[in-house]
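All figures in this text were calculated on a predicted structure; none of them were measured in a lab. Letters A, B, ... are given to chains in the order of the sequence lines, protein chains preceding strands, and every chain is numbered from 1.
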Amino acid sequence: MHILRAENLVKSFPLSEKQRKALDTKDKRKVAVGGISFEAKSGEVFGILGPNGAGKTTTMRMLSTLIKPDSGDVFYDDRSIKDHPESIRSEFAFLTTDLKLDEKSTANEMFDFFAGLYHLTKEQAEQRKKELFDRFAVNSFADTKIKKLSQGMRQKVSLIISVIHDPNFIIFYEPTNGLDIIAAREVRDFIINMKNEGKCLIISTHLFDLVEKVCDRAAFIMDGKIVANDTLENLMNGRSLEDSFYEIYTANMEKEG
Amino acid sequence: MRDILTICKKEIRSAFSDKVILAQIVLVPFIIVFGYAMLMAAMTDGAMTDEDTQFDGYYVNAPAEMESVFKAMGFQETSASEVDSIRKDITAKTKDILLVFPEDFKIVPNADEGSFSDVEMWYNSSSTDSLNASSTVREVLSGFQPVAFTINADTNTKYDLGDENFMMRRFLGTLLPVMLMVGIFSVMMNLAAECIAGDKERGFLNTMLISPVKRSHIAFGKSLFLFVAVTIGGISAFIGLVTSLPRMASIFGAEGSTFSYSAGTYIQLFFVTVTSVFAFAGFLLLISAVSKSVKQATTLSPIVMMVLMLAGMLTMQDSVNKAVEKLGLVNAAIPGWNGINAMKKIVELDCPSEFVLVTCLVNVAFAVICALIIGKMFENEKIVNV
Ligand SMILES: Nc1ncnc2c1ncn2[C@@H]1O[C@H](COP(=O)(O)OP(=O)(O)OP(=O)(O)O)[C@@H](O)[C@H]1O
Ligand SMILES: [Mg+2]
């Protein structure tokens with residue numbers, strides 16, 4: 001059983017003079033994430049949903065140790081990211097547009113490089129490469145420089161690199177970004193597959209179709225706070241996810257005035 | 001250590017599989033140093049041969065024993081009636097010089113004042129060719145004048161007790177460090193900027209930062225790569241230097257002189273070059289690590305070079321040079337500056353070995369410290385591009 005637990009995560013960014021004027025505020029800092037807590041377990045897919053600027057990206061950056069929270073903590077199986085950032089990094093896969101590949105390398109070279117950084121043995125690496133390259137049909141462009149690949153091709157390679165070490169925790173931000181329907185379906189199956197293998201998955205996307213098909217539970221984030229966190233079934237309550245999302249959104253907008 | 005090597009190897013593979021970058025590292029430093037030296041040599045040579053070129057000169061009534069000399073210099077005989085028109089041409093700079101000898105020209109050793117034969121020499125001091133011609137002619141004519149006494153008549157005795165190659169060494173000493181810096185600096189600057197700021201800008205660094213590798217080890221891997229690359233660049237520039245030195249020496253004619261450097265001098269020069277390059281690379285990497293983009297890094301970097309070049313130029317001045325000399329080993333303790341100083345001293349054959357030693361040690365230590373600082377910077381969130 002694997003558990004990822006976010007505890008009261010807070011992150012703010014300094015505001016420039018210009019931004020302050022635009023936002024009509026006197027605050028020196030913009031609170032991007034204002035105390036977010038949730039728990040994701042193995043064998044389920046946890047969705048993080050929310051409108052633009054809600055704080056999804058910021059939250060995921062904190063989960064992945066890319067940035068440090070101002071306060072709060074994240075626990076991977078009860079190990080804090082503050083204590084063991086390096087060893088924890090070997091336990092999760094992180095896929096987002098923040099992470100780019102080396103334009104001058106090929107998919108093959110990228111794979112070998114990261115296989116080295118993740119300390120895979122030669123046999124492990126070869127086996128994993130074959131498995132993933134076959135699965136996502138990368139072989140035909142595996143020796144082409146990344147800079148010559150299409151957006152979807154890059155996304156496939158990025159996804160492969162992110163799970164190179166077959167970790168227990170998977171954090172995906174818009175995993176089907178730029179993918180055609182065939183590839184998107186492959187990714188969806190891959191996600192469900194990993195869930196069935198007992199991995200703990202967190203997915204953030206604006207594609208509700210994907211959410212409905214793979215997520216078991218989801219949190220709605222608005223303005224840096226969780227406004228709903230429940231099973232998908234309860235959240236939808238017989239409606240479409242889009243309708244319930246809209247309802248929660250307007251209800252909270254009214255509350256804030 | 002394994003991760004450091006993995007990252008270093010990846011950087012090396014990337015750099016060396018790119019022909020442009022490979023050429024930058026291996027060839028460009030050599031070409032710049034060698035090319036610059038050859039250019040200097042050609043220019044200086046040109047200036048020297050210019051002096052004994054032919055002149056567009058004319059003479060009237062020259063005595064027979066002088067005619068052949070003037071003819072050899074390209075002079076033409078003319079008649080007294082042409083004098084006015086030639087003088088106009090000299091004013092217009094279309095002709096160089098005109099010599100008018102009196103009809104009864106005589107060389108009289110001990111004449112009373114006022115009874116000398118006077119040769120009129122018309123020239124134009126605002127024309128370089130004409131001015132050169134006038135001084136050459138003066139020299140030639142004085143050769144025909146009687147001698148009252150001689151100075152240093154014995155051509156076999158070396159009356160100048162100074163080091164005949166001193167001027168050349170002085171010249172090379174100021175030139176070489178600058179040449180080397182120009183040769184390697186631009187290459188180093190680009191490599192260093194790409195190495196960290198480039199990966200940061202393009203978001204690839206982020207991908208490495210979420211791998212289980214210690215962040216400082218990413219920094220060390222990249223630093224190690226740059227040190228390897230600039231060592232190759234340094235060797236390339238050094239070869240350029242060694243191969244062009246003989247030609248540089250020959251500029252000064254150094255006629256029959258015994259100009260040559262010993263193997264020891266070259267070895268000293270080599271170590272100073274390579275360790276100076278390390279110090280530069282370390283500093284440039286620091287700039288790269290604080291920069292957000294390659295552009296920012298390459299804008300900031302040349303400032304270091306400018307400061308050092310300026311300092312190098314200043315030491316050409318004797319008074320500054322003396323003041324600097326007084327500082328002694330302090331000069332060897334300042335990274336970057338110590339290299340310029342040491343190279344200059346080595347070329348001038350005036351470099352105590354402890355100066356070389358301190359220079360090399362300080363530079364290596366500085367490079368290591370830079371790498372450590374960059375390692376610390378990688379632990380900071382600022383290195384993340386979000
Ligand atoms: N590096 C940063 N500097 C300053 N402000 C930031 C920074 N990153 C995010 N923010 C601010 O924090 C808030 C949350 O941003 P975030 O990117 O987390 O939203 P998001 O939920 O991912 O939105 P989207 O759906 O558009 O991707 C926004 O108001 C944004 O302007
Ligand atoms: Mg976002």
Side-chain angles (χ1 to χ4, degrees), chain A residues 11 13 32 57-58 60-70 81 84-106 108-120 125 143 145-147 154 157-159 161-162 164-165 167 169 171 173, chain B residues 1-22 24 190-191 193-222 225 292-294 375 377-386:
Chain A
K11 184 77 184 178
F13 295 105
T57 299
T58 309
M60 302 199 84
R61 282 175 181 160
M62 288 190 278
L63 297 183
S64 65
T65 72
L66 202 53
I67 59 175
K68 293 188 183 103
D70 298 343
I81 51 167
H84 317 277
E86 279 102 19
S87 73
I88 280 174
R89 280 183 203 127
S90 68
E91 293 188 27
F92 64 73
F94 185 44
L95 174 69
T96 119
T97 43
D98 285 340
L99 308 184
K100 299 270 167 44
L101 299 167
D102 179 27
E103 300 263 300
K104 285 185 273 181
S105 299
T106 66
N108 250 325
E109 289 165 344
M110 275 289 98
F111 192 98
D112 296 344
F113 174 58
F114 281 100
L117 291 189
Y118 282 92
H119 295 182
L120 266 60
D143 288 315
K145 289 219 180 334
I146 303 287
K147 69 169 166 238
R154 287 171 194 227
V157 181
S158 287
L159 188 136
I161 300 290
S162 77
I164 195 167
H165 51 310
F169 297 91
I171 306 167
Y173 186 86
Chain B
M1 196 60 205
R2 176 181 162 187
D3 296 333
I4 298 177
L5 288 180
T6 305
I7 287 168
C8 179
K9 267 191 242 156
K10 189 245 155 216
E11 294 283 342
I12 290 176
R13 181 181 53 70
S14 292
F16 284 26
S17 63
D18 186 328
K19 286 195 193 72
V20 177
I21 298 180
L22 186 65
Q24 263 190 25
N190 287 331
L191 283 179
E194 282 293 329
C195 193
I196 298 180
D199 277 355
K200 199 196 289 184
E201 183 181 3
R202 291 185 292 265
F204 179 52
L205 191 59
N206 284 355
T207 315
M208 283 191 260
L209 290 175
I210 59 135
S211 76
V213 177
K214 269 210 170 81
R215 290 188 170 177
S216 56
H217 287 185
I218 301 176
F220 298 155
K222 285 180 165 291
F225 154 70
K292 286 202 161 45
S293 64
V294 174
M377 287 171 66
F378 267 59
E379 308 278 352
N380 190 294
E381 200 173 295
K382 286 211 183 81
I383 204 75
V384 180
N385 172 10
V386 291

**Complete:** Most heavy-atom pairs under 4.5 Å with chain B, out of A/Lys100, A/Arg61, A/Lys68, belong to A/Lys100
**Message:** Which heavy atom of B/Arg13 sits nearest to which heavy atom of A/Ser105, and what is that distance?
**Reply:** NH2-OG, 3.9 Å
**Request:** With salt bridge (Lys or Arg N to Asp or Glu O under 4.0 Å) as the test, would you mind laying out the steps for A/Lys104 and B/Glu11 before giving the verdict?
**Result:** CA-CA 11 Å; A/Lys104 285 185 273 181; B/Glu11 294 283 342; over 6 Å; no
**Leading residue by heavy atom contact count with chain A [cutoff under 4.5 Å; candidates B/Ile210, B/Val213, B/Thr6, B/Asn206]** = B/Ile210
**Message:** Looking only at heavy atoms and a cut-off of under 4.5 Å, which of A/Asp98, A/Thr58, A/Leu66, A/Thr65 has the most pairs with chain B?
**Reply:** A/Leu66
**Item:** Part of B/Ile4 lying under 4.5 Å from any heavy atom of chain A
**Value:** neither
**Request:** Determine whether A/Arg89 and B/Lys214 make a side-chain contact, defined as any pair of heavy atoms from C-beta on separated by less than 4.5 Å.
**Result:** no
**Prompt:** Checking heavy atoms, do the side chain of B/Ser211, its backbone, both or neither come under 4.5 Å from chain A?
**Reply:** both
**Prompt:** Is any side-chain heavy atom of B/Lys10 less than 4.5 Å from a side-chain heavy atom of A/Phe114?
**Reply:** no
**Request:** Run the salt-bridge test on A/Asp102 and B/Arg202 with the 4.0 Å N-O cut-off and return the result as yes or no.
**Result:** no
**Request:** Go through the atoms of A/His119 and report whether side chain, backbone, both or neither lie under 4.5 Å from a heavy atom of chain B.
**Result:** both
**Message:** Could you check whether any side-chain heavy atom of A/Pro85 comes within less than 4.5 Å of a side-chain heavy atom of B/Arg215, counting everything from C-beta outward?
**Reply:** no
**Any B/His217 side-chain heavy atom under 4.5 Å of A/Leu117 side chain** = no
**Message:** Looking at A/Glu109 and B/Lys9, is there a salt bridge between them, counting it only when a charged N and a carboxylate O are closer than 4.0 Å?
**Reply:** no
**Request:** Evaluate the side-chain proximity of A/Phe113 to B/Ile7: yes if any heavy-atom separation is below 4.5 Å, no if none is.
**Result:** yes
